[in-house]
Amino acid sequence: MRTWTPYQWVAAVAVALVAGAAIGVPTGVVPTPFYTRMTPVLWWNYPVWAASSLLMGLLVATYMHGPRAARAEGPRGRRALLAGVLSAFAVGCPICNKLVVLALGMSGALSYWAPAQPVLAMASLALLAHALVRRLRTAAACPAPVAPSRQGPAGLQDSAHYDERSLVPEASHSGGEGSERASAG
């Protein structure tokens with residue numbers, strides 16, 4: 001994260017704020033006139049809400065300015081999205097969730113769902129932290145080559161083309177000048 005650009009840090013903060021609002025407002029963790037929570041917010045809802053929002057912001061920032069293959073969502077992106085949804089279910093009101101009440105009833109929501117919410121919260125935080133660590137390790141282990149940008153005639157920036165042979169060791173070129181030097185040496 002030390003090598004992140006200001007754009008990535010701005011994206012991390014913006015996404016963390018949006019995620020905080022997206023989780024906090026509908027679940028009643030953030031009191032608003034739009035929604036009234038039927039059960040009190042528990043003490044652990046606040047740190048889970050804040051940590052989930054922060055981890056989501058940092059995770060999304062890892063997708064900014066990365067190589068095309070790393071930006072593809074793929075299965076890890078879906079798992080991170082699942083972790084965000086788990087965060088919302090974890091800090092939400094157990095009897096305000098219509099899906100839970102429909103599946104378990106009002107007493108089932110309080111008897112079974114409410115005690116399971118801290119487990120969901122830990123699973124969500126673990127998934128988000130795991131996804132972030134994996135993304136950071138991948139970026140550190142396999143940095144993308146950055147081509148210098150140049151100004152075009154209209155003042156617009158376009159990416160410079162690079163010689164892909166320069167990224168491949170000379171001995172691995174087949175039939176080229178590098179293979180002659182490798183066999184001669």
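Along the sequence shown, the residues carry numbers beginning at 1. These numbers come from the heavy atoms of this one structure, side chains and all, not from hydrogens, waters or symmetry mates.
- Contact detail for Ala121 and Trp44: the closest heavy-atom pair is CB-CZ3, 3.8 Å.
- Minimum heavy-atom separation, Phe89 to Gln117: O-NE2, 2.9 Å.
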- request: Tell me, with the steps shown, if Val18 and Met56 meet side-chain contact (heavy atoms from CB on, under 4.5 Å).
  value: CA-CA 10 Å; Val18 169; Met56 283 184 226; over 6 Å; no
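- In the hydrophobic cluster analysis, where Ile, Leu, Val, Met, Phe, Trp and Tyr join through side-chain heavy atoms closer than 4.5 angstrom, Trp43 is grouped together with Tyr46.
- Taking hydrophobic clusters as Ile, Leu, Val, Met, Phe, Trp and Tyr residues chained together by side-chain heavy-atom distances below 4.5 Å, Leu110 does not share a cluster with Val101.
- Tested against Val91 for a side chain to side chain contact (heavy atoms under 4.5 Å, CB included), the candidates Val48, Val41, Leu42 yield a single pass: Val48.
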- prompt: Checking side-chain contact (heavy atoms from CB on, under 4.5 Å) for the pair Thr62/Leu58: CA distance, chi angles, key distance, verdict?
  reply: CA-CA 7 Å; Thr62 64; Leu58 292 173; 5.9 Å; no
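- Taking 4.5 Å as the limit, every side-chain heavy atom of Met64 sits out of range of all side-chain heavy atoms of Trp4.
- If you take CE on Met38 and CE on Met106, they are separated by 6.5 Å, rounding to the nearest 0.5 Å.
- The distance from the CG atom of Leu59 to the CZ atom of Arg134 is 12.0 Å, given to the nearest 0.5 Å.
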message: For a side-chain contact (heavy atoms from CB on, under 4.5 Å) check, start with the C-alpha distance between Cys96 and Thr36, then their side-chain angles and the critical distance, and finish with the verdict.
response: CA-CA 9 Å; Cys96 302; Thr36 303; over 6 Å; no
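- With Thr27 contributing its side chain and Gly92 its backbone, the two residues share no donor-acceptor pair below 3.5 Å.
- Hydrophobic clustering (ILVMFWY, side-chain heavy atoms < 4.5 Å, transitive): Tyr7 and Val15 are in one cluster.
- A pairwise comparison of heavy atoms in Pro118 and Pro115 identifies CD-O, 3.3 Å as the closest pair.
- In terms of heavy-atom proximity, Ile23 sits nearest to Gly84 at CD1-O, 4.3 Å.
- At distances below 3.5 Å, at least one donor-acceptor pair connects side-chain atoms of Ser124 with backbone N or O atoms of Ala83.
- For the pair Cys93 and Thr39, the tightest heavy-atom approach, listed with the atom from each and the gap, is SG-OG1, 3.3 Å.
- One distance of note links CG of Leu82 with OG of Ser87; it measures 9.5 Å at 0.5 Å rounding.
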- prompt: Would Leu120 and Trp113 satisfy side-chain contact (heavy atoms from CB on, under 4.5 Å), going step by step from the backbone distance to the final call?
  reply: CA-CA 10 Å; Leu120 290 175; Trp113 184 256; 3.5 Å; yes
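- Neither Val10 nor Val60 shares a network with the other; the hydrophobic side chains, linked directly or stepwise wherever heavy atoms of I, L, V, M, F, W or Y lie under 4.5 Å apart, form separate groups for each.
- Ser52 places no side-chain N or O within donor-acceptor distance of the main-chain N or O of Trp49, the cut-off being under 3.5 Å.
- Put simply, Leu54 and Leu136 are part of the same group of oily side chains (I, L, V, M, F, W, Y) that touch within less than 4.5 Å, one to the next.
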